[in-house]
> 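Would you mind keeping the following structure in view while I ask a few things?
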Amino acid sequence: MNILSTIRARFRPALESVDTGEIEKYLEMIKPSQDPQFGDYQANCAMPLGKQLGESPREVASRIVAALELQDMCHQIEIAGPGFINLTLRQDFLADQIAAALEDERIGIFQCDASRSYVIDFSAPNVAKPMHVGHIRSTVIGDALAKILRFCGHSVITDNHIGDWGTQFGMILYGYKHFLNAESYATEPVTELARLYRLVHQLVQYRTDLKNIPHLEHKILALRDSAANPRAPQGSTQKEDKSTKKESRRLEAQIRQIEEDLHLARQRVMAIENDTVLASLAEKHPDVDRDILRETARLHGGDETNLSLWKQFIPVCLEDIERMYRRLGIAFDHTLGESFYQDQLADTVTGLRQKGLATESDGAICVFSDVHDVPMIIQKQDGAFLYATTDLATIDYRLKTFHPDVILYVVDHRQSLHFEQLFDAVVRGGCNGVELCHVKFGTVLGEDGRPFKTRSGSTVGLGGLLDEAIRRAGQVVRENNPELCESECESIADTVGIGALKYADLSQNRESDYVFSYDKMLALNGNTATYMQYAYARIQSILSKGNANIDALLKAGTRPQLTHPAERALALAILRFSETLELVIADYRPNHLTGYLFEQVAKRFSTFFDSCPVIKADSKEVRNERFLLCDLTARTLKTGLSLLGIDVVEKM
Ligand code: ARG
């Protein structure tokens, strides 16, 4: 049962009786109380309603309360202060709900009555490039949303829109044609392709750096010049003085940033030039940047050699990402990459031109809109199609094939403009029946506050990241459980390491950047998967130490009476699972669920455990009731974690 929505449903007729036009807005103002002294739930709608009706809020509150039918749920409805309505749930109501949850496989969690169908576009790495830490966010958030939506009764199709048609293939094709180590390719194709990608990428980067360095130097000189000669203030008022200072701080920050870019570019150049092999390759391939674009263009143009090589590479690349998904325990219903849509792109462009949405501008085909300064380009002067064109064709295909009510795109916030323009074009193209939503997320930062990189400055590969998390988890597990054998430790470390990584990501507000820290994510105290898994394992050990037989207790009719305040508080926390999931779905934020598991369930369990002896309870009855509460807490943690794609361990 979803207590909050039941209370809201009961408020509806009461609010109607005081005659307000905006019921939904006022229903939203019924929330769980922040402080138990104000009851379990609180309705704050009487104040704005009073204002709207020109009546005293307390007066309005008492009219609402008089019309409320909540006696079966609440034992006390109190009007406090200026007109807050405080609701306290009845003890027998809570006990009944807990009894129902104990007997239910879904531990009483609601299933929505209005099921919607979703397509979730997530993960979507550009294959043939090694996957890095940035990919973890989309993968983990998308998977959690898919699991939560399904659990709540929605139908979900997951589609991994991999980048399998981009310029990275130009690099690999070029690398294959010039630098292939045939022997390695025969035995370790994934490793060899990754080596080729990195090598060509390095050579291209070298060319780019050589071109950029003089520009960067010039920019710094120019900025230093403006910093040394600030525009003379018009008068000499304090305000102008302040703005000059602000301007010079801005300039200094800009200079520092460019200096750092310059420093990195010089370092990369030196790294090539100091390496005899790389230096000679760089000399022999002066036009590598132009040539890789040609290779890509040939592939897209249907060149036989490139196409057949591409067909050879794709399974290798897919196997590489599949291995990562297997480690993360993530699977997709479909993996329809960019290449899948290539033969539909010309029609997509024609269709938009016919609708008058796309027009030619300087030889390119663009979709202009009133709200964006720059147009969305769907075909370049040279005839090439773009990322946006593929996305338009993809929407078309998804609508025709899957008929979704909603399409979610779990993609980096840096692509916001792309999705705004895309959705705008789709809506203006006459498609209104589907809700399109960019579920955006921020960047993963290193402890220095900059995008997470290895010491050598390259981005961190996802494989290495998982290995390290598991290795460190192993340390934690071994320290805590010296009695466990090596193979047991290893399997627990795997679950704990991967869980820590996923949870660290999911527990952040997805739109913020977050700082990646192994130590924090594996902390045994705090809002981490490790702590939740530990709490779960601890409950299992209590139950087994006390020889608790949950099924037998249930059969015998034992039910928690929730007499102790800490028992009641824990029970209420457990019963808030449904409303938490509804909150997650409302704005696609899994951190509501992690926050709930930590702040409500785990913390209240810890208070309960400190103040209510379980095995040493005063009577057998109380002990058995507490066993049931322990079991329900464990099942809540387990279900919550599983919806986040995280497993529990029995021992830890
Ligand atoms: N491959 C893209 C990238 O790595 C993400 C694709 C997201 N999905 C989409 N339909 N555009 O940036």
Side-chain angles (χ1 to χ4, degrees), residues 118-143 145-146 156-172 197 201 296 300 310 313-314 317-318 320-322 324-325 330 332-342 344-345 348 367 376-378 385-402 404 406-427 431 434-444 451-452 459-462 505 510 588:
Y118 285 81
V119 167
I120 311 188
D121 178 319
F122 71 102
S123 196
N126 293 329
V127 302
K129 289 183 182 181
M131 262 172 120
H132 60 82
V133 62
H135 292 117
I136 202 163
R137 294 212 83 176
S138 171
T139 311
V140 163
I141 297 171
D143 183 55
L145 292 177
V156 174
I157 290 173
T158 56
D159 184 10
N160 191 0
H161 186 74
I162 54 172
D164 57 359
W165 198 241
T167 38
Q168 75 270 33
F169 282 97
M171 298 208 199
I172 299 203
Y197 173 79
H201 186 266
T296 316
H300 291 176
W310 177 83
F313 299 154
I314 281 296
C317 299
L318 288 181
D320 192 37
I321 61 170
E322 265 310 316
M324 209 57 76
Y325 293 135
I330 286 171
F332 298 86
D333 299 320
H334 301 279
T335 297
L336 300 175
E338 293 177 2
S339 67
F340 180 78
Y341 301 96
Q342 288 317 301
Q344 294 154 50
L345 302 185
T348 301
V367 178
M376 177 171 79
I377 306 177
I378 55 173
F385 301 111
L386 291 101
Y387 184 53
T389 332
T390 312
D391 256 331
L392 287 163
T394 307
I395 295 185
D396 222 38
Y397 177 85
R398 287 174 176 164
L399 294 181
K400 280 195 198 113
T401 321
F402 306 128
V406 190
I407 307 179
L408 302 183
Y409 293 84
V410 188
V411 185
D412 195 312
H413 69 104
R414 282 170 287 195
Q415 294 193 27
S416 294
L417 177 63
H418 165 73
F419 285 108
E420 276 173 33
Q421 294 186 314
L422 182 70
F423 299 167
D424 177 65
V426 172
V427 171
C431 168
V434 65
E435 186 183 318
L436 300 167
C437 177
H438 178 195
V439 179
K440 49 184 106 162
F441 55 80
T443 311
V444 184
F452 191 52
T459 47
V460 180
L462 194 46
D505 209 301
R510 63 173 161 77
Y588 309 117

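For ligands, and for the atoms within them, numbers begin at 1 and follow the listed sequence.
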> I need the atoms of ligand 1 closer than 4.0 Å to a non-hydrogen atom of Y409, numbered in the order shown.
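Contacts of ligand 1 toward Y409, numbered from 1: 10 (N).
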
> Heavy atom under 4.0 Å from ligand 1: found in F122's side chain, backbone, both, or neither?
neither

> Nearest protein heavy-atom contact for atom 12 (O) of ligand 1: which residue, which atom, what distance?
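So the nearest neighbour among protein heavy atoms is Q415 NE2, 2.8 Å.
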
> Might you point out which heavy atoms bring P404 and I407 nearest each other, and give the distance in Å?
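Of all heavy-atom pairs spanning P404 and I407, the closest is CG-CG1, 3.9 Å.
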
> With no hydrogens and no angle check, just 3.5 Å: does a side-chain donor-acceptor pair link N160 and Y325?
yes

> Is the ring centre of F423 less than 6.0 Å from the ring centre of H438?
no

> Of all heavy-atom pairs between S138 and S123, which one has the smallest distance, and what is that distance?
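Taking S138 first and S123 second, the nearest heavy atoms are OG-N, 2.6 Å.
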
> Parallel, tilted or perpendicular for Y118 and Y588, by the 30°/60° rule?
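Judged by the thresholds at 30° and 60°, the geometry between Y118 and Y588 is perpendicular.
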
> Under 3.5 Å, is there a donor-acceptor pair between the Y387 and Q415 side chains?
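Distance-only check passes for Y387 and Q415.
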
> I'd like to check which ligand 1 atoms, numbered from 1 as shown, lie under 4.0 Å from a non-hydrogen atom of H161.
8 (N), 9 (C), 10 (N)

> Ligand 1 and P125, any nitrogen or oxygen pair closer than 3.5 angstrom?
no

> Please report which non-hydrogen protein atom sits nearest to atom 6 (C) of ligand 1, along with the residue it belongs to and the distance in Å to one decimal place.
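Checked against all protein heavy atoms, atom 6 (C) of ligand 1 sits closest to Y387 OH, 3.2 Å.
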
> Using a 4.0 Å heavy-atom cut-off, which part of D391 comes near ligand 1: side chain, backbone, both, or neither?
side chain

> Can you see which heavy atom on V133 is nearest to which on V444, and at what distance?
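Heavy atoms only, the tightest pair is CG2-CG1, 3.8 Å.
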
> Can you name the atoms of ligand 1, numbered from 1 with element, that are less than 4.0 Å from a heavy atom of N126?
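Per the distance check, 1 (N), 2 (C), 3 (C), 4 (O).
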
> Distance under 4.0 Å to a non-hydrogen atom of D121: what atoms of ligand 1 satisfy this?
7 (C), 8 (N), 9 (C), 10 (N)

> Going by the atom numbers of ligand 1, which of them fall below 4.0 Å from some non-hydrogen atom of F419?
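What qualifies from ligand 1 is 11 (N).
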
